[in-house]
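Worksheet: the structure to be examined is printed underneath.
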Protein chains: 2
Amino acid sequence: MHIRLSKIIDLSADDQQAIAELPVTIRDFSADHDIVRDGDRTQHCCIVLEGFTCRYKVISDGRRQILAFNIPGDIPDLQSLHLQVMDHSLATLVPSRLGFVAHTHMRDLCERRPGVAAAMWRETLIDGAAFRAWITGMGRLSARARLAHLLCELLLRLDAVGLADGFRYRLPLTQAEIGDALGLSVVHVNRILQDLRAEGIIAIDRRTVNILHWDGLRAIGQFDPAYLHLKNGATAID
Amino acid sequence: MHIRLSKIIDLSADDQQAIAELPVTIRDFSADHDIVRDGDRTQHCCIVLEGFTCRYKVISDGRRQILAFNIPGDIPDLQSLHLQVMDHSLATLVPSRLGFVAHTHMRDLCERRPGVAAAMWRETLIDGAAFRAWITGMGRLSARARLAHLLCELLLRLDAVGLADGFRYRLPLTQAEIGDALGLSVVHVNRILQDLRAEGIIAIDRRTVNILHWDGLRAIGQFDPAYLHLKNGATAID
DNA sequence: CGAAACTTTGAAAAGGATCAAACTTTGTGG
DNA sequence: CCACAAAGTTTGATCCTTTTCAAAGTTTCG
């Protein structure tokens with residue numbers, strides 16, 4: 001597996017080698033395609049190689065809540081390794097390429113190499129940290145702050161895997177999808193985005209976001225990147 | 001350590017024995033006492049033995065968001081084993097007794113016994129599943145539904161560790177604390193509780209909740225216990 | 001080029017927040 | 001064991017953020 005496991009880096013050369021030797025099946029998916037569904041029992045984990053995916057839950061009236069966006073390097077369903085039944089779904093948002101690794105191989109590797117197990121465990125813990133930050137935003141921040149926070153988070157995460165160009169990045173999401181993630185209506189998302197643009201804080205041109213005033217956006221979203229546990233801390237951006 | 005590690009159960013006798021031999025320091029805390037704070041680097045994990053604790057984050061204006069309530073048997077900061085810096089705080093809500101185990105001992109045990117490592121990993125994954133359910137509620141459910149959901153969740157969790165009496169349990173939370181968890185104002189929490197009582201769905205007498213109409217409450221909160229990953233599934237209550 | 005998907009705009013309504021004050025319970029010191 | 005202060009609950013009135021509904025623009029893509 002000759003893929004950068006982005007965040008799993010504090011590993012010995014041997015451990016990295018062992019990961020690289022895991023058998024992977026690569027598959028391409030079209031946009032808006034479910035990869036695993038709530039309730040499924042899955043035997044594989046997947047890695048996002050290219051594209052953009054999301055984890056989501058559907059409530060009884062059919063509306064959905066997006067729980068997380070996944071970018072290349074992410075392993076969105078790593079938790080399935082120890083939680084057999086999915087408690088949410090995973091879907092592509094744009095055409096995406098994913099790598100699949102069988103649980104059996106991963107469990108085997110974890111038993112043989114505690115270092116790999118610890119690194120993967122850590123990966124799922126960072127996941128949890130992001131959920132906590134999300135809950136805090138949903139419970140206590142205004143819609144405007146939540147949206148600003150999301151835009152800040154995506155910049156740092158995309159930058160960490162080389163997919164940002166300074167303060168500019170491709171964000172292939174509709175406003176409806178942003179709303180589903182932030183718990184807001186499309187209409188309101190639209191109005192907030194317009195405000196932020198009118199204030200000269202961001203610019204959006206054909207699904208490419210450009211953050212014109214990083215400190216301003218960060219202040220609006222009360223964004224503190226600590227919860228992302230990025231290896232290079234503040235990153236080159238600060 | 002002669003304590004029931006409630007949910008960590010799918011372990012061999014040897015593994016259980018090894019856990020039981022971990023050196024634990026027991027300490028008692030008064031109510032509303034911070035155990036670890038956002039930003040701390042901690043060298044121990046703690047187990048709630050008696051009482052009630054919560055994990056929370058404070059935002060810039062001083063308001064807080066409670067992320068989770070912890071009951072006896074929970075290990076609220078297990079994630080600190082691999083995430084050195086706390087991204088939230090942990091505090092008692094009532095006088096509580098906690099057990100502390102050094103990270104060094106736990107890491108050592110995880111290296112020696114992959115089964116224990118996997119069980120603990122799983123524990124943190126269940127934590128993550130609860131956060132996902134929480135986010136869904138915060139984003140897409142009404143205040144009334146969220147409150148109903150919380151009351152349902154607490155019944156099942158307390159029942160799983162023998163702290164519920166049928167549909168009745170002690171809930172030592174103020175309405176302000178419930179509000180901090182659900183992202184609601186005290187006033188609104190109060191009004192919803194009154195509605196639920198007036199409708200004969202719950203009764204509350206001196207911090208003891210009695211769920212009079214379980215199916216009704218469950219329907220209001222769209223409560224599906226799958227995300228709790230309780231060993232006995234539906235539990236005796238259903 | 002045309003249909004479908006997405007964004008934008010306006011107006012009205014709802015769900016919760018905030019503010020302020022009264023009432024009730026709990027815990028503590030005398 | 002009582003009295004009182006502090007903490008928590010309840011009530012009413014008003015305000016504001018966000019939702020909903022409806023319809024008109026604008027992109028995108030086959």
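Nothing here was measured: the structure is a model prediction, and the numbers come from that model. Residue numbering restarts at 1 for every chain, and letters A, B, ... go by the order of the sequence lines.
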Legend entry - Working for side chain to side chain contact (heavy atoms under 4.5 Å, CB included), residues A/Val209 and A/Leu154: CA-CA 10 Å; A/Val209 172; A/Leu154 287 171; over 6 Å; no
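For the pair B/Thr92 (side chain) and B/Ser30 (backbone), a donor-acceptor distance under 3.5 Å is present. Judged purely by atom type and a 3.5 angstrom limit, B/Asp77 uses its side chain to pair as donor or acceptor with the backbone of B/Cys46. Counting only distance, with no hydrogens or angles, the side chain of A/Tyr169 and the backbone of A/Ile211 share no donor-acceptor pair below 3.5 Å.
Axis orientation changes by 50° from one end of the helix from C/dC1-D/dG30 to C/dG30-D/dC1 to the other, with each end axis drawn from 5 pairs and the value rounded to 10°.
Within residues 171-180 of chain B, the residues that have a heavy atom under 4.0 Å from DNA chain D are, in order of number, B/Thr174, B/Gln175. Interface residues of residues 136-147 of chain B facing DNA chain D, ordered by number: none; criterion, heavy-atom separation under 4.0 Å.
Proximity of A/Leu182 to A/His188: side-chain heavy atoms (C-beta onward) are nowhere separated by under 4.5 Å. Inter-residue side-chain proximity for B/Asn210 and B/Phe167 is flagged as met; some heavy-atom pair is nearer than 4.5 Å. You'll find the side chain of B/Glu153 reaches within 4.5 Å of the side chain of B/Trp134, heavy atoms only.
Between the C1' atom of C/dT8 and the CD1 atom of A/Ile192 lies a distance of 14 Å, rounded to the nearest Å. Between the CG atom of B/Leu193 and the P atom of D/dT10 there is a distance of 8 Å, given to the nearest Å.
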Inset, instruction - If a protein heavy atom is under 4.0 Å from the base, mark B; if only from the sugar-phosphate, S; if neither, -; do that for nucleotides 20-30 of chain D going 5' to 3'. - result: BB------S--
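Around atom CZ of A/Arg170, more than 12 heavy atoms belonging to other residues, nucleotides or ligands sit under 6.0 Å away.
The stretch residues 56-77 of chain B participates, sequence neighbours left out, in no ring pair (Phe, Tyr, Trp, His ring centres under 6.0 Å) pair at all.
For the side-chain hydrogen bond (donor to acceptor under 3.5 Å, both in side chains) criterion with A/His88, the lone passing option out of A/Arg55, A/Gln65, A/Lys57, A/Arg64 is A/Arg55. Of the candidates B/Leu147, B/Asp224, B/Leu217, B/Leu217 is the only one forming a side-chain contact (heavy atoms from CB on, under 4.5 Å) with B/Cys152.
In this structure, A/Asn190 does not reach the C/dT7 phosphate: none of its side-chain N or O atoms is under 4.0 Å from OP1 or OP2.
One finds no salt bridge joining A/Asp180 and A/Arg63 here, because no Lys/Arg side-chain nitrogen approaches an Asp/Glu carboxylate oxygen to under 4.0 Å.
Every residue two or more places apart in sequence or in another chain was checked for a ring-ring contact (aromatic ring centres under 6.0 Å, His included) with B/Phe131, and none qualifies.
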